[in-house]
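Heavy atoms only: backbone and side chains are in, while hydrogens, waters and symmetry mates are out. Every number for a ligand or one of its atoms is a count from 1 in the order of the listing. Index from 1, following the sequence.
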Amino acid sequence: MKMTVVGNWKMNLAQNSARELVRSLAQAGAKSDNAVDVIVCPPYTLLGTVADLQIEGIAIGAQNCHHAAKGAFTGEISAEMLVEIGCRYVILGHSERRRDQHEDNDLIGRKAHHALQSGLRPIVCIGESLEQRQNGQTFSVVKEQLDKIINSATAECIASCVIAYEPIWAIGTGLAASAEQAEEVHVCIREHLTSCGIAEALPLLYGGSVTAGNAASLFACNNIDGALVGGASLTADDFAAIIQAAREGSR
Ligand code: PGA
């Protein structure tokens with residue numbers, strides 16, 4: 001399967017540093033080709049800045065969107081607005097939004113459904129907490145998250161999404177899951193999707209402290225089809241090295 005590497009900039013960078021980062025990536029050849037899809041997800045105010053650079057081979061995604069097309073939703077941004085500014089993807093259900101904005105699986109499913117209908121490809125995030133892992137609940141947690149999201153989004157919608165497995169304990173901690181730990185959850189997710197009638201081989205990304213140093217071992221796993229990268233996506237050299245590792249690991 002073609003690999004997918006997504007940079008989640010979170011609430012980082014400014015107009016100049018964003019331009020510089022994307023130009024450096026392009027210069028380094030860190031762009032989409034037959035082996036890998038490259039996507040960057042800047043904060044809202046930098047989406048137009050990056051789109052204006054018109055760099056072929058670096059697709060743009062947002063980090064969230066609303067579940068309605070328009071209306072009285074102060075402070076919100078719709079999928080339609082994101083499409084208009086040049087986005088093709090949107091990250092939904094990141095654990096930081098689940099934690100800080102109390103987003104639940106039902107809402108994430110509704111957002112995914114609306115985003116897909118509006119022309120965005122959702123990157124839907126799931127993953128367990130440290131406590132849940134320690135209690136042996138990892139598989140049941142990710143399956144329950146998927147069930148609830150599928151229930152509100154429909155299986156047909158999820159079949160067109162990208163899924164990112166992001167164990168909460170690995171995000172921003174420097175403690176990435178080992179390739180074995182990630183792969184066994186990816187196998188569980190793959191099997192569960194099949195049992196939910198989603199036979200398509202949708203991309204399953206791993207996220208959580210992915211670096212230039214650990215990317216190759218993660219991408220060597222059969223069921224890891226790329227990465228959702230936070231911190232390391234803010235440095236051109238590191239992100240380019242992860243993209244290169246994905247290219248070499250593509251199957
Ligand atoms: P990290 O973030 O790579 O900095 O751990 C990943 C994410 O939150 O998507």
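- The nearest protein atom to atom 3 (O) of ligand 1, hydrogens excluded, is given as G230 N, 2.8 Å; this is a heavy-atom distance.
- Between the side chains of H114 and E80, at least one donor N or O lies within less than 3.5 Å of an accepting N or O.
- For atom 9 (O) of ligand 1, the closest heavy atom belonging to the protein is E166 OE2, 2.7 Å.
- On a distance-only criterion, V229 and ligand 1 share no N/O pair closer than 3.5 Å.
- Within ligand 1, counting atoms from 1 as listed, the ones closer than 4.0 Å to a heavy atom of K10 are 2 (O), 7 (C), 8 (O).
- If you number the atoms of ligand 1 from 1 as listed, the ones under 4.0 Å from a heavy atom of G231 come out as 1 (P), 3 (O), 4 (O).
- Put simply, the side chain of V50 reaches to within 4.5 Å of the side chain of W9, judged on heavy atoms.
- None of L228, V38, V229 except one satisfies the side-chain contact (heavy atoms from CB on, under 4.5 Å) rule with V6; the exception is L228.
- Heavy atoms of G207 stay at 4.0 angstrom or farther from ligand 1.
- Under the 3.5 Å distance criterion, with hydrogens and angles disregarded, a donor-acceptor pair is assigned to the side chains of E183 and N223.
- Side-chain contact, H94 with Q63: no donor N or O sits under 3.5 Å from an acceptor N or O.
- Applying the 4.0 Å criterion to heavy atoms of G208 picks out, from ligand 1, the atoms 5 (O).
- A donor atom on one side chain and an acceptor atom on the other are found under 3.5 Å apart for D147 and H192.
- Per-residue contacts place S209 under 4.0 angstrom from the following atoms of ligand 1 (heavy atoms of the residue considered): 1 (P), 3 (O), 5 (O).
- Every atom of ligand 1 is numbered from 1 in the order shown, and the set under 4.0 Å from a heavy atom of G172 is 1 (P), 4 (O), 5 (O).
- Residues L53 and I58 fail the side-chain proximity criterion, which asks for heavy atoms closer than 4.5 Å.
- The ligand atoms of ligand 1 that sit less than 4.0 angstrom from a heavy atom of A170 are 5 (O).
- Remark: of the listed residues Q134, R133, Q137, Q145, R133 is the sole one forming a side-chain hydrogen bond (donor to acceptor under 3.5 Å, both in side chains) with E128.
- For A232, no heavy-atom contact with ligand 1 is shorter than 4.0 Å.
- Inclusion of T173 in the set of residues having an N or O under 3.5 Å from an N or O of ligand 1 is not warranted.
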Subject >> Step-by-step side-chain contact (heavy atoms from CB on, under 4.5 Å) determination, I163 to I158 >> reply: CA-CA 8 Å; I163 303 277; I158 296 304; 4.1 Å; yes
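- Ligand 1 lies out of reach of G174, whose nearest heavy atom is not under 4.0 Å from it.
- Close approach of ligand 1 to N8 is summarised as follows: ligand atoms under 4.0 Å from at least one heavy atom of the residue are 9 (O).
- Listed by number with element, the atoms of ligand 1 under 4.0 angstrom from any heavy atom of H94 are 7 (C), 8 (O), 9 (O).
- For the side-chain contact (heavy atoms from CB on, under 4.5 Å) criterion with H67, the lone passing option out of E76, H113, R110 is R110.
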